[in-house]
Amino acid sequence: MIPGIGMLTQDTLWCFSQVKGTIEIGATEADIISTVEFNHTGELLATGDKGGRVVIFQREQESKNQVHRRGEYNVYSTFQSHEPEFDYLKSLEIEEKINKIRWLPQQNAAYFLLSTNDKTVKLWKVSERDKRPEGYNLKDEEGRLRDPATITTLRVPVLRPMDLMVEATPRRVFANAHTYHINSISVNSDYETYMSADDLRINLWNFEITNQSFNIVDIKPANMEELTEVITAAEFHPHHCNTFVYSSSKGTIRLCDMRASALCDRHTKFFEEPEDPSNRSFFSEIISSISDVKFSHSGRYIMTRDYLTVKVWDLNMENRPIETYQVHDYLRSKLCSLYENDCIFDKFECVWNGSDSVIMTGSYNNFFRMFDRNTKRDVTLEASRENSKPRAILKPRKVCVGGKRRKDEISVDSLDFSKKILHTAWHPSENIIAVAATNNLYIFQDKVN
């Protein structure tokens, strides 16, 4: 057990399939979870999948007779966010797969979230309805228009109670602004704007304007043969609405200030760790590509994930990270086979806990890793349906490289690379985590919760 992480337990086989939120396991490609995101209070958890669906889970309220149920998440709403499309000008199929979901802070009874596929961002409103109006003058009870000649009396419409219904309605569609695939969306701290990033450009949007965006970063060269790097992820600062970062396939991070100029091609700060020439290999450039970048909740640090490590950078120190954590260093000897089966191009995400003291990221064999920044201790845990009893404490897992294998260890040669944890989320204030393992969603919570 790591101090600060606590004993994570698996509650009541916390494993949901993406098929309408049932516990049955859907085996189709469309059911594979592609993003996971808690809202700002942690009461809701949204997942997106390759089939273009968004499933929202709501946390159960605590009751006197069922105190232990606090923390359980049940299906709240399911809706189809994106459909497959075809770009006839480029003869290109546009997948419906949800790349990212980002929640907006709740301002009223309704919830709002952004979801995006490769080309189009949508703003969704999720609201509850438990009353329906009856007694219209110009419509009958089924909603059909009545003949005005038959209306002889004036009625006052009334609201009648009905079964609770959760409605998801698209409020805005932000399209036709990206030539390349969108890899990131980030809501600004002013809650009036957000940005969307693709391989070569970052656009700034106003929530009220769908037909126009401002291009704030453009790294496309005049001659595409001169292209040396692409944008891999981007995020706004949590408190300063003028500041954002974006990472590249070369392992660099650029901090930009929108007050400096309208086009932020010139960065304010440039974070890069010099490569050790003795470690240089054919795979160096591939494994140094950053797959995810996240500001800490405090806004003081940046966390980046590349293929083998998680790094923490201080905004005031650009020449090297202040912390480096090895996620699965035992895979260094396997890079050749990982290159051949394309696993070396997997894009792992990383998340902070609510106090920025613990980091979580995924690995293979349904393993996920946690690093305590204060004690420098780490743990490997497994999201698995096998041997999972209600409220069972997750046992730490260990991977051995050659030599004698202990009883509780797994050999690096036995790892299943088709089972991978790419997407994870951490509750903003409690030790509750969500882990997406292909088409299953696992929710674990600290035993002391």
Item to check | Parallel, tilted or perpendicular: ring planes of Tyr442 versus Phe444, cut at 30 and 60 degrees | outcome: parallel
Checklist entry - For Ser384 and Asn366, does a side-chain donor sit closer than 3.5 Å to a side-chain acceptor? => result no
Next on the checklist: If you count heavy atoms of other groups shown closer than 6.0 angstrom to NZ of Lys269, is the number above 12?
Outcome noted: yes
Next on the checklist: With a sphere of 6.0 Å drawn around CG of Asn176, does it hold more than 12 non-hydrogen atoms of other residues, nucleotides or ligands?
Outcome noted: no
Next on the checklist: Please check: side-chain N/O of His240 versus main-chain N/O of Asn242, any donor-acceptor pairing under 3.5 Å?
Outcome noted: no
Checklist entry - Can you tell me if CD on Glu409 sees more than 12 non-hydrogen neighbours from other groups inside 6.0 Å? => result yes
Checklist entry - Does Ile202 offer a backbone N or O that forms a donor-acceptor pair with the side chain of Asn215 under 3.5 Å? => result yes
Checklist entry - Can any side-chain N or O of Thr35 pair as donor or acceptor with the backbone N or O of Gly48 at less than 3.5 Å? => result no
Checklist entry - If you count the non-hydrogen atoms of other residues, nucleotides and ligands that lie under 6.0 Å from CD in Glu285, is the total more than 12? => result no
Checklist entry - For Glu349, which of Arg305, Lys420, Lys100 qualifies under salt bridge (charged side-chain N to carboxylate O under 4.0 Å, His left out)? => result Lys100
Checklist outcome for this item: Taken in chain and number order and not counting sequence neighbours, the residues that satisfy side-chain contact (heavy atoms from CB on, under 4.5 Å) with Asp413 are Lys334, Ser411
Checklist entry - By side chain to side chain donor-acceptor pair (under 3.5 Å), which residues pair with Glu208, not counting sequence neighbours? => result Arg172
Checklist entry - Is it true that a side-chain atom of Glu37 and a backbone atom of Ala46 form a donor plus acceptor pair closer than 3.5 Å? => result no
Next on the checklist: Under a 3.5 Å threshold, yes or no: a donor from one side chain and an acceptor from the other, between Ser288 and Glu275?
Outcome noted: no
Next on the checklist: Consider side chain to side chain contact (heavy atoms under 4.5 Å, CB included). Of Asp199, Val217, Asp198, which one does Ile231 pass it with?
Outcome noted: Val217
Checklist entry - Is there a donor-acceptor pair under 3.5 Å between the side chain of Asn117 and the backbone N or O of Glu95? => result yes
Checklist entry - With under 30° as parallel and over 60° as perpendicular, where do the rings of Trp313 and Phe271 fit, or are they tilted in between? => result perpendicular
Next on the checklist: Out of the candidates Thr116, Asp118, Asn183, only one should pair with Asn99 under the side chain to side chain donor-acceptor pair (under 3.5 Å) rule; please name it.
Outcome noted: Asp118
Next on the checklist: Under a plain distance cut-off of 3.5 Å, with no hydrogens placed, do Asn341 and Ser337 share a side-chain donor-acceptor pair?
Outcome noted: no
Checklist entry - Do other residues, nucleotides or ligands put more than 12 heavy atoms under 6.0 Å from Phe207 CZ? => result yes
Checklist entry - Do Phe295 and Leu315 have side chains that get closer than 4.5 Å, going by heavy atoms? => result yes
Checklist entry - Do the ring planes of Phe417 and Tyr364 sit parallel (below 30°), tilted (30 to 60°) or perpendicular (above 60°)? => result perpendicular
Checklist entry - When the ring planes of Phe174 and Tyr194 are compared, do they come out parallel, tilted or perpendicular, using 30° and 60° as the limits? => result perpendicular
Item to check | Exam field: side chain Asp356 to backbone His297, donor-acceptor pair closer than 3.5 Å | outcome: yes
Item to check | Lys347 side chain vs Asp306 backbone, donor-acceptor pair below 3.5 Å | outcome: no
Checklist entry - Hey, what's the ring geometry for Tyr111 with Tyr76, parallel, tilted or perpendicular (30° and 60° as the breaks)? => result perpendicular
Item to check | Within the 6.0 Å centroid threshold, strictly below: Phe283 and Tyr307 | outcome: no
Checklist entry - Do the side-chain N and O atoms of Thr232 and Ser249 include a donor-acceptor pair separated by under 3.5 angstrom? => result no
